[in-house]
Amino acid sequence: GTRIVYDRSRLMQLRNSP
Amino acid sequence: DDVLDPESVIKHPLQNSWAMWFFKNDKGRDWKDNLRVITTFDTVEDFWGLYNHTLPASRLQSGCDYSVFKAGIQPMWEDAQNKKGGRWLINLNKSQRQTHLDDFWLETLLCLIGEGFDEHSDDICGATVNIRTKGDKLGLWTRDANKIEATKKIGLKLKESLNVPSKIVIGFQAHSDTAGKAGSTVKNRFTV
């Protein structure tokens with residue numbers, strides 16, 4: 001099946017989203 | 001129009017649910033009572049909510065541990081899903097607590113929750129950071145020590161994510177080799 005993957009930059013980007 | 005963009009309100013799901021554990025070495029209590037789940041999370045937002053509101057590893061008292069493991073796996077080698085596996089171990093010297101520890105821990109967590117080990121992500125159980133006066137230790141725990149190629153690839157990806165220079169060697173210890181033995185006498189199954 002598909003795997004939900006987040007790379008480091010995406011995770012850091014989401015750190016500051018409201 | 002003030003219709004909300006779903007992307008901005010829906011939390012981003014993780015592939016796995018994870019539990020963050022805390023261990024405090026209170027000698028007056030049974031070892032198992034000193035180990036507790038802080039919380040579990042399965043979205044990026046909930047991870048950051050947790051991470052941003054817990055004390056950095058570098059400021060924990062000596063003798064304490066943080067562990068983040070897939071839900072259902074306890075952060076101990078006795079757990080059925082850890083037993084056949086082992087851990088990549090990164091030993092830090094005393095000065096690295098202030099310079100490297102928190103970054104190493106965060107980068108490791110981002111690899112875990114983001115499934116950063118590609119097709120080997122299923123072999124990951126969790127990670128632990130041990131705060132000790134003689135030198136802090138960071139461990140990445142895998143499911144099966146006999147899967148040599150997969151385990152080596154996980155070790156290489158860990159080094160890459162933490163920017164560990166290639167000349168610095170890290171070792172993998174199988175739990176079956178370490179159970180009941182003093183740390184220093186244990187032989188690495190392999191190194192990268």
Side-chain angles (χ1 to χ4, degrees), chain A, chain B residues 2 4-18 41-54 56 68 70-71 102-124 127 140 150 153-154 157-164:
Chain A
T2 56
R3 183 189 303 276
I4 303 172
V5 177
Y6 296 91
D7 64 24
R8 184 192 185 281
S9 53
R10 179 64 175 141
L11 291 170
M12 293 306 279
Q13 191 186 34
L14 289 170
R15 181 175 196 175
N16 308 316
S17 67
Chain B
D2 56 5
L4 270 177
D5 162 20
E7 171 69 19
S8 68
V9 288
I10 295 175
K11 290 185 179 180
H12 294 75
L14 298 174
Q15 175 72 25
N16 284 288
S17 294
W18 299 85
F41 58 90
D42 59 9
T43 67
V44 177
E45 286 76 8
D46 290 347
F47 164 74
W48 284 121
L50 168 66
Y51 183 81
N52 294 337
H53 291 93
T54 39
V68 171
K70 284 177 182 169
D102 290 331
D103 289 343
F104 275 9
W105 180 235
L106 176 56
E107 293 302 332
T108 302
L109 294 181
L110 297 183
C111 274
L112 292 184
I113 68 172
E115 303 294 309
F117 296 99
D118 307 320
E119 72 278 16
H120 306 303
S121 294
D122 290 338
D123 288 322
I124 298 294
L140 179 66
K153 288 209 175 95
I154 288 169
K157 175 69 188 205
L158 178 65
K159 274 181 76 170
E160 181 196 311
S161 304
L162 271 52
N163 290 319
V164 174

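All values below come from the heavy atoms of this structure, side chains included, with hydrogens, waters and symmetry mates left out. Naming convention: chains lettered A, B, ... in sequence-line order (proteins, then strands); numbering from 1 in each chain.
- With hydrogens and angles ignored, the 3.5 Å screen pairs a side-chain donor or acceptor of Asn52(B) with a backbone N or O of Trp48(B).
- Per-residue heavy-atom pair counts under 4.5 Å with chain A were compared for Glu119(B), Glu107(B), His12(B), and the maximum is reached by His12(B).
- We find the OG-CG distance between Ser9(A) and Leu14(A) to be 9.5 Å, quoted to the nearest 0.5 Å.
- Residues Ser121(B) and Lys70(B) share a closest heavy-atom pair of O-NZ, 3.0 Å.
- Comparing Leu106(B), Asn16(B), Val44(B), Leu14(B) by heavy-atom pairs within less than 4.5 Å of chain A, the highest count is held by Val44(B).
- Tyr51(B) touches chain A through its side chain: at least one heavy atom from C-beta onward sits under 4.5 Å away, while N, CA, C and O do not.
- Side-chain atoms of Tyr6(A) come within 3.5 Å of backbone N or O of Pro13(B) as a donor-acceptor pair.
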